[in-house]
Protein chains: 2
Amino acid sequence: MVMEERAPARQRGLGYSVERAVLDEESLEEVAQRRTREDKPALAQRLRAKLSCSAVRFWRCLFSCIPVLYWLPRYSFREYALGDFFSGISVGIMHLPQGMAYALLASVPPVFGLYSSFYPILIYFIFGTSRHISVGTFAVMSVMIGNVAERLAPDSDFSSLDTVTNETLLDVLQRDAARIKVAAAVTFLSGLFQVALGLVQFGFVVTYLSEPLVRSYTTAAAIHVIVSQLKYVFGINPNRYHGPLSMVYTLIELCALLPKTNVGTLVVSIVSLVVLLVVKKISTALSHKLPIPIPIELILVIVSTVITAQVQLDKKYGVQVVGEIPRGLQAPVFPDTSLFVSVVGDAFAIAVVGYAIAISLGKIFALKYGYQVDSNQELVALGLSNSVGGVFQCFAISCSMSRTLVQESSGGHTQVAGALSALVILVIILRLGELFQQLPKAVLSAIVIINLQGMMRQFTDIRTLWRSNKVDMLVWVVTLVSTLLLNMDIGLAASVAFAMLTIIFRTQLPQYSLLGQIAGTELYRSVEEFAQAQEIPGIKIFRSSANLYFANAEMYEENLKKKVGIDIARLLRHKKKLAMKEKRRKKREERRAKKEAKKTVEREEAGREEAGQEEAGREEAGKEGTQRGSNPLNPHSIILDLSPVSFLDTVSVKKLKNIVSDYREVGVEVYLAGCQSCVVGEMELGGFFLKALSKACLFVSVHDAVLHCLRRAEHGPLDSPAAFENTKL
Amino acid sequence: MVMEERAPARQRGLGYSVERAVLDEESLEEVAQRRTREDKPALAQRLRAKLSCSAVRFWRCLFSCIPVLYWLPRYSFREYALGDFFSGISVGIMHLPQGMAYALLASVPPVFGLYSSFYPILIYFIFGTSRHISVGTFAVMSVMIGNVAERLAPDSDFSSLDTVTNETLLDVLQRDAARIKVAAAVTFLSGLFQVALGLVQFGFVVTYLSEPLVRSYTTAAAIHVIVSQLKYVFGINPNRYHGPLSMVYTLIELCALLPKTNVGTLVVSIVSLVVLLVVKKISTALSHKLPIPIPIELILVIVSTVITAQVQLDKKYGVQVVGEIPRGLQAPVFPDTSLFVSVVGDAFAIAVVGYAIAISLGKIFALKYGYQVDSNQELVALGLSNSVGGVFQCFAISCSMSRTLVQESSGGHTQVAGALSALVILVIILRLGELFQQLPKAVLSAIVIINLQGMMRQFTDIRTLWRSNKVDMLVWVVTLVSTLLLNMDIGLAASVAFAMLTIIFRTQLPQYSLLGQIAGTELYRSVEEFAQAQEIPGIKIFRSSANLYFANAEMYEENLKKKVGIDIARLLRHKKKLAMKEKRRKKREERRAKKEAKKTVEREEAGREEAGQEEAGREEAGKEGTQRGSNPLNPHSIILDLSPVSFLDTVSVKKLKNIVSDYREVGVEVYLAGCQSCVVGEMELGGFFLKALSKACLFVSVHDAVLHCLRRAEHGPLDSPAAFENTKL
């Protein structure tokens with residue numbers, strides 16, 4: 001069946017046969033009975049219908065706001081429980097090292113990464129609609145939080161010079177407390193943004209983050225993350241830079257500090273990286289044989305902690321370890337509202353990015369398993385997770401690709417798996433946390449870096465996009481460069497602005513083409529592109545491939561002139577000269593009439609002479625007319641194909657009006673064809689249709705317009721001076 | 001002839017008759033012989049053609065760079081000289097008061113306004129291509145210069161506290177010198193911008209300043225100008241504010257200072273305003289009887305200067321006068337390059353605005369008199385005028401509506417009129433300048449304010465736009481408000497950004513509609529809008545009125561789902577259940593086969609039972625199939641009308657691919673119709689066409705696709721379970 005479909009339709013001999021009157025817009029509206037706007041129900045009526053209340057509506061609303069009430073009572077233990085249990089445990093085990101590692105990115109003590117892997121997930125369990133994504137800590141979000149935290153609570157604020165030893169002392173406790181405060185504030189605020197956006201149904205904002213943009217942005221984020229982790233890998237302590245170009249400065253400083261590398265730390269890093277890399281490769285290779293991937297991260301964390309504690313790497317070799325991990329949970333603290341003003345921009349960027357990543361993953365799995373994710377409810381769910389999380393001093397969360405894949409592949413079917421993974425983390429926080437105090441930070445950095453492999457692989461997008469769409473490739477590259485150089489917040493804004501500009505630019509470089517008829521059909525195609533497209537003598541059909549609005553209206557007219565080849569200015573000059581000659585002739589005639597009264601003798605002679613001049617003037621006018629008329633390349637009609645136009649503004653309506661009247665001035669009629677009805681509506685409002693220019697010059701298709709022109713040319717040639725004069729009206 | 005045209009074509013009984021095979025894109029390309037890209041000449045070849053040199057080319061290039069060389073030798077004394085002479089004198093007389101008044105706006109001494117009315121005009125005479133515009137000082141440009149000058153050289157920098165009298169002393173000479181420097185620097189720089197933009201052929205940037213935007217912007221500028229002149233009208237001396245909201249602060253301060261009004265100044269202002277207003281009204285009323293408008297401004301300047309000098313208004317009543325006017329010209333000074341960094345933004349805004357105003361006026365007159373203005377050459381000409389002007393300490397110029405109208409109406413035909421007006425100013429500078437030292441500044445302010453009448457009248461645009469185009473009205477209002485609140489430079493940027501965003505927003509709110517056939521035609525229109533548009537049973541035709549790209553791809557799919565009414569998720573769930581049942585059935589069968597080997601006695605009985613179950617399962621599947629098949633509202637085909645699409649990006653290509661495969665999964669075929677060839681090209685590059693999805697699913701028109709679907713539905717019903725399975729491939 002598929003094969004049959006691919007055979008060209010022509011060979012199947014299907015017939016396309018139409019027989020009807022030529023239709024202009026006026027006739028069409030009559031025939032097809034176009035409805036006026038009043039046929040629609042009034043606004044008040046629609047509002048009432050929307051606000052009316054019923055029990056069904058109430059329940060539907062409740063269920064859509066708190067989805068857990070809907071799906072938990074319908075939870076099928078037999079079908080899902082086992083899968084969800086195993087999946088929950090597996091993901092919980094992944095949360096532990098990732099949570100602690102991403103806490104380093106967020107510049108807060110590791111235990112707060114565990115909190116972030118607990119509270120928000122519980123909230124999402126209640127409000128979320130995606131069954132498969134694993135919400136929680138995510139590298140990109142964490143590094144964004146880290147940027148804010150280090151900007152508002154830099155090391156320098158908590159350093160003091162020890163006057164005895166002449167060394168700078170850093171009050172780490174104070175600093176970390178300040179950073180936790182900042183992280184919680186920005187998380188809370190970004191949660192509020194998300195909830196607000198969700199409530200006003202602004203889930204669509206995420207569509208501005210196109211796929212190439214998000215992929216490039218996350219790649220750039222991954223590079224930011226890696227750069228920020230290099231200090232732990234080498235065990236050095238560079239200054240932190242902020243604002244544009246900070247990554248460049250950081251890299252320069254890192255290079256300068258390389259000789260101070262802590263060898264012990266470097267060894268730990270390299271060993272960890274190699275182990276992770278190798279075991280992950282093995283795990284991937286054996287993935288079809290293993291029920292869940294090898295929890296190498298957890299194993300590495302445990303083993304390295306034990307070794308560090310036994311060999312005392314921290315004291316003997318100066319390897320930085322995680323340090324004190326408080327036991328148990330902390331009481332909620334309302335975030336410091338005074339910080340909100342200084343983090344509002346970052347909070348917004350975090351809100352949008354976090355949502356974009358979660359929703360894109362959510363939609364993929366919803367499609368795969370055939371259920372719906374409600375984009376606005378997702379926004380509310382993430383927002384509540386973040387704002388409640390902010391109160392419990394978590395940092396902002398989104399969802400992680402790697403955990404989500406594990407959650408799905410190990411059998412997770414519902415949000416219950418996520419909730420179980422949160423319980424695993426709870427147990428660790430309450431009982432086992434302090435066991436990890438001797439864990440080297442370098443191990444966590446290695447885990448972060450290896451987890452970013454997938455994002456770095458996105459560099460191959462450039463090649464794919466180069467082949468498929470150069471503009472999107474440009475967006476990719478610009479996003480990468482601007483995010484790397486301008487940092488994550490301004491970089492995101494710049495990238496989105498650039499992506500939108502490409503839309504504008506695309507309409508700035510449309511293809512302008514003259515269309516010709518494809519013999520035997522009513523189809524018109526570019527004569528440049530199709531060898532069999534034949535121009536119709538005396539008619540020029542012009543099309544721009546893009547919309548027509550203020551930014552390209554001027555170009556449209558210029559290209560029309562170029563393609564049609566009528567020099568309006570020259571013709572007008574000529575016409576003016578003719579008019580002046582005519583005027584002078586009349587004056588002379590008047591003078592002659594006066595003279596006539598005086599001289600009657602020379603009358604006949606003079607009369608003959610003047611008549612000769614008159615004749616000459618008329619001949620010239622006629623010549624011009626026939627010149628244009630006889631040359632088949634000189635058109636008597638122009639048809640503008642407006643089918644790709646989806647809206648008009650006042651500038652373009654005016655431009656179209658001018659085109660019609662300018663060409664009419666030199667005796668060429670202009671017709672429009674293929675307007676969408678919304679465009680016709682905009683023309684009506686814009687005053688396009690005057691007495692002399694009715695909807696009868698608007699045809700439903702190019703072919704209708706062509707037929708009309710041909711008929712018109714047959715009935716009365718337009719190029720006679722008479723028509724020339726008439727058309728001035 | 002015009003009347004005949006308006007009669008509906010239908011009544012004229014013209015026939016539209018087409019008989020051809022149904023065409024998909026594949027067949028069309030074959031029939032119409034689509035050219036491949038290689039047919040075009042190679043880049044190198046085109047470059048060579050472009051760069052080849054010849055004598056004709058050289059002269060054409062020279063003439064287009066220095067137009068005066070072309071038109072001056074061809075200057076017709078007989079035809080133009082008299083008109084140009086009178087026009088030059090009239091405009092020169094207007095230049096005098098305007099130049100001095102606008103110098104006040106630019107915060108420099110009045111004589112620099114006269115310089116600005118001299119040097120740049122001579123340069124434009126050589127390089128300009130518009131014959132009718134009167135370049136020179138312009139209120140909007142002057143106030144922009146004034147803003148920069150007062151920001152970089154504020155009064156406070158030149159004030160000192162007199163310790164004896166305890167009064168602040170202002171070093172006016174020093175301050176003015178500094179402001180002249182700033183004005184010259186910003187003028188020079190904006191000239192350089194213009195030349196650079198012109199050389200890289202960026203004349204088109206001005207198209208971003210749409211007409212509603214420019215009109216609103218100039219209105220806002222007029223308000224800025226009036227506010228800045230109020231201090232001279234009342235004779236008070238408020239502080240100068242800068243940055244956003246400065247106008248609000250200035251107004252508040254002005255109100256606070258009102259009790260300190262200088263009564264003498266106020267009287268002079270009111271008298272001047274009334275005289276100007278009344279005489280201008282008379283002049284307009286008698287315009288058809290007067291050869292040139294009454295030069296009331298010049299008369300007022302002369303009379304008020306004489307009166308002030310006689311009555312000693314300045315000394316007796318504290319009326320501020322113009323003060324010392326140096327005689328003669330000043331030597332050129334290269335602008336202070338150290339200032340460039342701090343004025344670069346303003347200079348760019350001034351360059352763009354100045355050009356936008358000049359070119360729009362130039363094009364109006366070019367069209368009226370049938371000649372061409374070269375937008376890039378205009379940019380170069382204005383740029384050279386400004387940069388040379390900057391060296392001679394002028395401030396930035398553009399062209400003024402009022403002077404241009406006088407120049408044209410008093411008989412000016414060529415740039416010679418402009419040059420003559422410059423000579424008039426030269427005479428004044430050299431000989432008569434010092435006579436105006438006693439001219440009250442309040443008179444100049446009155447001249448400025450009255451000259452802005454025309455711009456204030458643009459407020460009526462709001463009403464016009466409200467009727468014709470609401471989006472453009474929004475642009476107008478936003479431009480006005482942002483220019484008033486954010487000042488002229490940031491306001492302009494914000495307005496342009498907003499105007500562009502409206503283009504994006506417009507594509508975000510397209511009309512999605514289902515199309516129906518208009519009986520007896522091959523036309524398809526929205527069933528909501530046209531009462532006679534009838535949907536074809538089993539086929540849904542969907543169209544979005546806008547382009548399809550990343551920002552609305554998601555919405556496109558959602559609206560398609562809503563309009564078509566197929567719940568893919570539900571159908572997929574159902575399909576999965578069927579598949580699982582089938583699987584279980586097979587397992588049972590396997591188990592049974594094993595049992596068979598053991599038990600042979602109960603074989604027949606068991607077999608009968610299982611067969612029953614099997615039957616039931618199959619029946620259910622069939623029921624689902626017929627349910628969808630029998631209900632004529634359930635479509636077997638979807639046609640996406642893509643005729644309004646002018647480009648695709650990777651996101652939209654992917655989305656289309658997904659739509660096709662998703663619906664195919666549930667047994668509904670999706671066809672595309674009416675793609676422009678550039679869109680087809682983008683689909684090819686984007687990998688849209690796979691083996692299973694060839695160009696045969698792309699039809700040249702909706703009607704072709706419909707015919708294909710109908711034929712297909714006839715030949716083999718698609719809704720049978722067999723087809724359901726086949727389509728999975």
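Sequence lines set the chain letters: A, B, ... in the order given, protein chains first and strands last, and positions in each chain run from 1.
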Tell me, for [X] versus chain B, whether the close heavy atoms (under 4.5 Å) come from the side chain, the backbone, both or neither.
| X | answer |
| --- | --- |
| A/Ala553 | neither |
| A/Tyr208 | both |
| A/Ser701 | side chain |
| A/Val706 | neither |
| A/Asn552 | neither |
| A/Leu642 | neither |
| A/Glu211 | both |
| A/Val700 | both |

Which residue out of [options] racks up the most heavy-atom pairs below 4.5 Å with chain B?
| options | answer |
| --- | --- |
| A/Leu523, A/Asn658, A/Val679, A/Leu648 | A/Leu523 |
| A/Ser677, A/Ala546, A/Pro212 | A/Ser677 |
| A/Pro644, A/Gly674, A/Ala497 | A/Pro644 |
| A/Gly686, A/Ser646, A/Ala533 | A/Ser646 |

Taking C-beta and beyond as the side chain, do [X] and [Y] meet within less than 4.5 Å on heavy atoms?
| X | Y | answer |
| --- | --- | --- |
| A/Phe550 | B/Asp472 | no |
| B/Lys470 | A/Leu685 | no |
| A/Thr521 | B/Val18 | no |

Does the pair A/Val471 and B/Asp649 meet the rule for a side-chain contact (heavy atoms from CB on, under 4.5 Å), with working shown?
CA-CA 8 Å; A/Val471 179; B/Asp649 58 3; over 6 Å; no

For A/Ser545 and B/Gln676, test the side chains for any donor-to-acceptor distance below 3.5 angstrom and give the result as yes or no.
no

Considering non-hydrogen atoms only, spot the tightest contact between A/Leu501 and B/Met500 and give its length.
CD2-SD, 3.8 Å

Please report the C-alpha distance between A/Arg467 and B/Glu684 in whole Å, then the side-chain angles of each, then the deciding distance to 0.1 Å, and finally whether the salt bridge (charged side-chain N to carboxylate O under 4.0 Å, His left out) criterion is met.
CA-CA 10 Å; A/Arg467 280 194 210 132; B/Glu684 278 169 358; over 6 Å; no

Partners of B/Phe530 by ring-ring contact (aromatic ring centres under 6.0 Å, His included), sequence neighbours excluded?
none

Would you say A/Lys654 has more than 12 foreign heavy atoms packed within less than 6.0 Å of its NZ?
no

Could you work out, with side-chain contact (heavy atoms from CB on, under 4.5 Å) as the rule, every residue matching A/Gln534, not counting sequence neighbours?
none

